[in-house]
Amino acid sequence: MPDAIPTIPLNDGTHMPAVGFGTYKLNGADGVATMVRALHNGYRLLDSAFNYENEGAVGAALRKSGVPRDEIRVTSKLPGRRHAYDRALATIEESLYRTGLDHLDIYLIHWPNPQTGLYVEAWQALVEARRRGLVRTIGVCNFLPEHLDRIILETGVAPAINQIELHPYFPQAPQRDYDSSHAIVTQAWSPLGRANDLLGHATIADIARQHGRSIAQVILRWQVQLGTVPLPKATSDARQVENRSIFDFALTAADMDTITALGRKDGRLADQDPSRYEEF
Ligand code: A2P
């Protein structure tokens, strides 16, 4: 197995692996087996959500893997239908029951749902959950600067993490700049574009050839060098190992610019603009 995945510091004094493992659609016994493989292949951050309906599988994988609990970071996320303060706290408690853990390492608000308009309340609940020791690190997903400004202004607490859609068609430069200027780490969901045509892109293939790497490795390395934390999901041992073996080469500044230049004005995969799109 390659060396341990490096970690990066968060603004609350904790650390997080520089590459995590996405668990969307990993459910049931097959999902547990895939997550156990990921842990045995050295992943130490499992990214789940209440709405993935696999928090139980995550907890089972953690126990089955034999990896010590304190070496693993488990993330879950608060769904849009549970933003009201009391419901949010009860949902976090439910996430604990589902995982069978006594705390979650990271808890994020899944979507801001600005039309619903309860995300400040949800954030207050996460702050309280951290105070009670239910969760260690709190953050958000899919928050735009206007949403972040508001929760920081109204609670005085900045999130440690903002998890957003990020891949070469959607490099998110303004949001990344906002996050880093507020000491918020940006995590990338769908880092491989959910295996769309990016994985055969001729421009990235050229760069990959020059480095003797795969296209997936170049995309994930690009994300790491941007200062973001990708959360790729992969089923087989070979892909799991491939996706985390990105810390023994570096892209040049020109490579970085070439990949970033593939970005499109709205390169979102499924038109999920958080100012309009709501998920419950
Ligand atoms: P599989 O789960 O069969 O391994 P994303 O992380 O952007 O959501 O993309 C996940 C998709 O990318 C999955 O369909 C996964 O397939 C595929 N995938 C993951 N790693 C690789 C890789 N190294 N090469 C090609 N496809 C990959």
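No experiment lies behind these values; they were computed from the predicted model shown. Residue indices begin at 1 and follow the sequence shown.
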Does a side-chain N-to-carboxylate-O contact under 4.0 Å join Glu146 and Arg150?
no
Taking ILVMFWY side chains as joined if any heavy atoms are under 4.5 angstrom apart, and letting links pass through other members, which residues group with Ile161?
Ile8, Leu10, Met16, Leu45, Ile106, Leu108, Val185, Val229, Leu231
For a quick check under 3.5 Å, do Gln223 and Thr228 share a side-chain donor-acceptor pair by atom type?
no
Can you classify the ring geometry of Phe249 versus His211 as parallel (below 30°), tilted (30 to 60°) or perpendicular (above 60°)?
tilted
Within the supplied structure, the quantity of interest is the number of heavy atoms (other residues, nucleotides, ligands) at a distance under 6.0 Å from Arg136 CZ; does it exceed 12?
no
How would you list all residue pairs meeting side-chain hydrogen bond (donor to acceptor under 3.5 Å, both in side chains) that involve residues 15-25, not counting sequence neighbours?
Thr23-Asn54
Evaluate the side chain to side chain contact (heavy atoms under 4.5 Å, CB included) criterion for residues Asn142 and Gln163: first the C-alpha distance (whole Å), next the side-chain angles of each, then the deciding distance (0.1 Å), finally the verdict.
CA-CA 6 Å; Asn142 306 302; Gln163 185 183 123; over 6 Å; no
Got a salt bridge between Arg131 and Glu128, using NZ or NE/NH1/NH2 to carboxylate O under 4.0 Å?
yes
Can you confirm whether Asp149 is buried at CG, in the sense that more than 12 heavy atoms of other residues, nucleotides or ligands lie under 6.0 Å from that atom?
yes
Minimal heavy-atom distance between Leu39 and Ala61, with the atoms involved, is CD1-O, 3.9 Å
Which residue pairs pass the ring-ring contact (aromatic ring centres under 6.0 Å, His included) test with at least one member in residues 62-110, sequence neighbours excluded?
Tyr52-His110
Does either side chain, that of Tyr277 or that of Glu279, offer a donor lying less than 3.5 Å from an acceptor on the other one?
yes
Pair Thr186, Asn162: side-chain N/O donor-acceptor within cut-off below 3.5 Å
no
